[in-house]
Amino acid sequence: MTSVEDSPSPIEDTRRRQLVEVTIDSLAELGYVGTTLAQIAVRAGVSPGLVAHYFGDKDGLLDAAFRSLARRVGDHVRARLRQVSTPRGRIQAVIDANLAPEEFEQRTGTAWLAFWGQVLQVAPLRRVQSVYQRRTLSNLRSSLKKLMPQDDAQRLAAMIAAMIDGVWLRAALSGWREADSESARALLTAFVDGRLERAAPAAAGRAAAPESARARSSGPAAGERFASINPATGEVLGYVTAAGSAQVDAAVRAAQKAQAGWGAMTGTERARVLRRAADILRSRNQELAELETRDTGKPIQETRVVDVASGADCFEYFAGLAQSLSGEHIDLGSQAFGYTRREPLGLVAGIGAWNYPLQIACWKAAPALACGNAMIFKPAELTPFTAEKLQEILLEAGVPSGIFQVVQGFADTGRLLTRHPDIRKVSLTGEVGTGKAVMSDAAQTLKSVTLELGGKSPLIIFGDAKLDNAVSGALLANFYSSGQVCSNGTRVFVHRSIKASFLERLVKRVGAMRIGDPMDPATQVGALVSEQHMHKVLSYIDRGRAEGAIALTGGMRVTSGELAKGYFVAPTVFDNCRDDMAIVREEIFGPVMSVLEFEDEQEVIERANATEFGLAAGVFTNDLTRAHRVIARLQAGTCWINQYNVTPIELPFGGVKLSGLGRENGRAAIEHYTQLKSVYVSMGDIDAPY
Ligand code: NDP
């Protein structure tokens, strides 16, 4: 529930850092008791008043110094984690960062020992220590869970954490004679390798869980900050704080209090406010697009025209619908009639994915609020910022406080929403596995769900299609947002008669796409959202090659110049694909297109439908009757004829089969954010048989 970290002025920041460094020096020389405010002020050459101004008292100063030491280790762990993707590599990253040479040095070591002597007595220091301990355990546990059963992972994580601290402590107490950084790391590495070897035979006996169902890192504990990384540069963009049950409960109470009034307003009154929100979104387009680009890695040339604009359109559209919400009158003869009232659900939750953070928040908030509900929204942990901007904008527009609130966090925070008894509905955008988990949690309190999930959509290009349009359609269906679009048409079925000329034009245009700094308006292909996701996409590319597909263009990470710091993958076109290949069956969510050849209509419809997904589909043909005939037979919730990936707010959007339940946008969304009350009105006397 915090925004991009409040940053003190650069001068203040530098001064604070200097004072913290002086404090660590003093602790190393004089210990905890000898370190006083007056003594720090003398060492730093400033007045004691200034030290008190920044830190309050001695406890405040020591707390800041301890946090600084703990944060440094935390930053090193995160930096190392970013460079590896395998579970074993991540375990090693935690060991290496905690036992790095800079932690085996007299000054840092003595300061740590001084603090450790106090943590049981001084509450703020105890909190810092407990965050540090929990974080180490959680990092280790989340990787170990991918290698062994959960209980074993838990135990081994505790052992490794205890060994890290134990080896370090013995080394520090012996004046660094008992072990240095290198030997300490070697000891831990040998221990972990030995334990993993013993665990391997047991693990080999079990079937590997599917990627999406595998235990995800449960993320930071409630109240802990976590960073969001700019995926184009690898730099920390800012921090937010994970919400736990206390924060979620507080948000629920605030929402319930506010919803009564908001739900009782007329549709026209709510519409007026929501229209203002649309205007503010448009007026802040550039600023929001820049923030979205930094957080997601998508090119500014996209976010400037799509993300904010689509969100603003959504508020404008649902403001219009708010004014026309109504029930119906039902004639029941001369002695009675009935009517229905369309009422808000009350409090609903939105949980977003990371590919269109602001747009997803708007697509959920606009219909929810138009119908008189309050919403608590959790953005994906990778892209936390623009939802908070939306909260700010809605308040500015006149939406009462509490009606739209953002809580930050990982899956744990999401679960607090989906399991909360006072939340009546959850709308999720995410993976199929998450959709199943959310639906099962929501079932415990009989919440309704809207699930916008993944896809592996077919795009069918018949021989009579206008070729350049079909190529443009295939590009839009695969490479927008670096391929991170749920509705992408990644299985491109091209009729045999035109495949060669289609590929020739396609590959030429893909080869000319500009990959680069997402903030450069000329850039057409930006970064993927995270290093981990980039490795997933690259591993699919490797699998495609291994299974016999041929990359006609792309097929690798791009690391030229500054791009080496970010997570860029070249747009990739695979030929020689078969329907049974992993790249053709599974959602990659990256810039990877598979081109498949077909012969006749019946065959291509069957192949297009031979998937568990059913989000979207496209057909390119100049034959009017064929277009509608084929679309009618495709198992997909959202379809395009001679176009791809255009999503006007007026048209319902959503999937069938494993791609989801319910619809966003269009009038259809109203059904998912309201409930009907039926009222029978008698106008005659009652004829009772008793
Ligand atoms: P995830 O399913 O990993 O996450 C989606 C959201 O759900 C995140 O906020 C996540 O938290 C949260 N979450 C994860 N587990 C749980 C849980 N058990 N209970 C409650 N909340 C949970 O999806 P991604 O963010 O990786 O997004 C990519 C996926 O989204 C792709 O499959 C894509 O196709 C799909 N998508 C679908 C769209 C559609 O409209 N059909 C549109 C856009 C994307 P956190 O990640 O913060 O831990």
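Side-chain atoms are counted along with the backbone in the values below, which use heavy atoms only and exclude waters and symmetry mates. All ligand and atom numbering here is 1-based and tracks the order in the structure. Numbers here are sequence positions counted from 1. The model shown is predicted, which means the values in this text are computed figures rather than measured ones.
K364 and T429 are linked by a side-chain donor-acceptor pair at a separation below 3.5 angstrom, with hydrogens and angles left out of the test. For the residue pair Q408 and E388, a side-chain donor N or O sits within less than 3.5 Å of a side-chain acceptor on the partner.
Contacts with ligand 1 closer than 4.0 Å are made by side-chain heavy atoms of E587 only, the backbone lying farther away. Of the heavy atoms in N355, only side-chain atoms (C-beta onward) come closer than 4.0 Å to ligand 1. Contacts with ligand 1 closer than 4.0 Å are made by backbone heavy atoms (N, CA, C, O) of L453 only, the side chain lying farther away. By the criterion of a heavy-atom distance under 4.0 Å, neither the backbone nor the side chain of V485 is placed next to ligand 1. Under 4.0 Å from ligand 1, not a single heavy atom of S487 appears. Contacts between L428 and ligand 1, counted as non-hydrogen atom pairs separated by less than 4.0 Å, involve the side chain only.
K378 places a side-chain N or O within 3.5 Å of a backbone atom of G409 that can act as its donor or acceptor partner. Under the 3.5 Å distance criterion, the side-chain polar atoms of Q359 are left unmatched by any main-chain donor or acceptor of S310.
Residue-to-ligand polar distances place A411 within reach of ligand 1: an N/O pair is separated by less than 3.5 Å. The shortest N or O to N or O distance between E431 and ligand 1 is under 3.5 Å. For ligand 1, the polar-atom distance check against E381 finds a nitrogen or oxygen pair separated by under 3.5 Å.
Nearest heavy-atom pair across F568 and A527 is CE2-N, 3.5 Å. A pairwise comparison of heavy atoms in V77 and N139 identifies CG1-ND2, 3.6 Å as the closest pair.
No side-chain heavy atom of K425 sits less than 4.5 Å from a side-chain heavy atom of N373. Considering only heavy atoms from C-beta on, D307 comes within 4.5 Å of Y356 through its side chain.
Heavy-atom contacts of K378 reach the following atoms of ligand 1: 8 (C), 9 (O), 10 (C), 11 (O), 45 (P), 47 (O) (cutoff under 4.0 Å). For ligand 1, the atoms closer than 4.0 angstrom to any heavy atom of P379 are 9 (O). Listed by atom number, the atoms of ligand 1 under 4.0 Å from L615 heavy atoms are 41 (N). The contact set between ligand 1 and V438, taken as ligand atoms under 4.0 Å from a residue heavy atom, comprises 19 (N), 20 (C). Taking every non-hydrogen atom of W354 and a distance limit under 4.0 Å, the qualifying atoms of ligand 1 come out as 24 (P), 25 (O), 26 (O), 27 (O). Ligand 1 places these atoms under 4.0 Å from at least one heavy atom of G454: 32 (O), 34 (O). Every atom of ligand 1 is numbered from 1 in the order shown, and the set under 4.0 Å from a heavy atom of T434 is 1 (P), 2 (O), 3 (O), 7 (O), 13 (N), 14 (C), 15 (N), 16 (C), 22 (C). Residue F653 approaches ligand 1 through these ligand atoms, each under 4.0 Å from one of its heavy atoms: 40 (O).
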- [ ] Decide yes or no on side-chain contact (heavy atoms from CB on, under 4.5 Å) for Q301 and T523, but give the supporting numbers first.
- [x] CA-CA 7 Å; Q301 83 164 216; T523 291; over 6 Å; no
- [ ] Go through D422 and K447 one step at a time and tell me if the salt bridge (charged side-chain N to carboxylate O under 4.0 Å, His left out) criterion holds.
- [x] CA-CA 9 Å; D422 296 331; K447 288 180 182 47; over 6 Å; no
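Distances shorter than 4.0 angstrom do not occur between any heavy atom of G435 and any atom of ligand 1. Under a 4.0 Å heavy-atom criterion, G352 is in contact with ligand 1.
More than 12 heavy atoms of other residues, nucleotides or ligands lie within 6.0 Å of CE in M513, so this atom counts as buried by the packing criterion. Within a 6.0 Å sphere centred on NZ of K657, heavy atoms belonging to other residues, nucleotides or ligands number more than 12.
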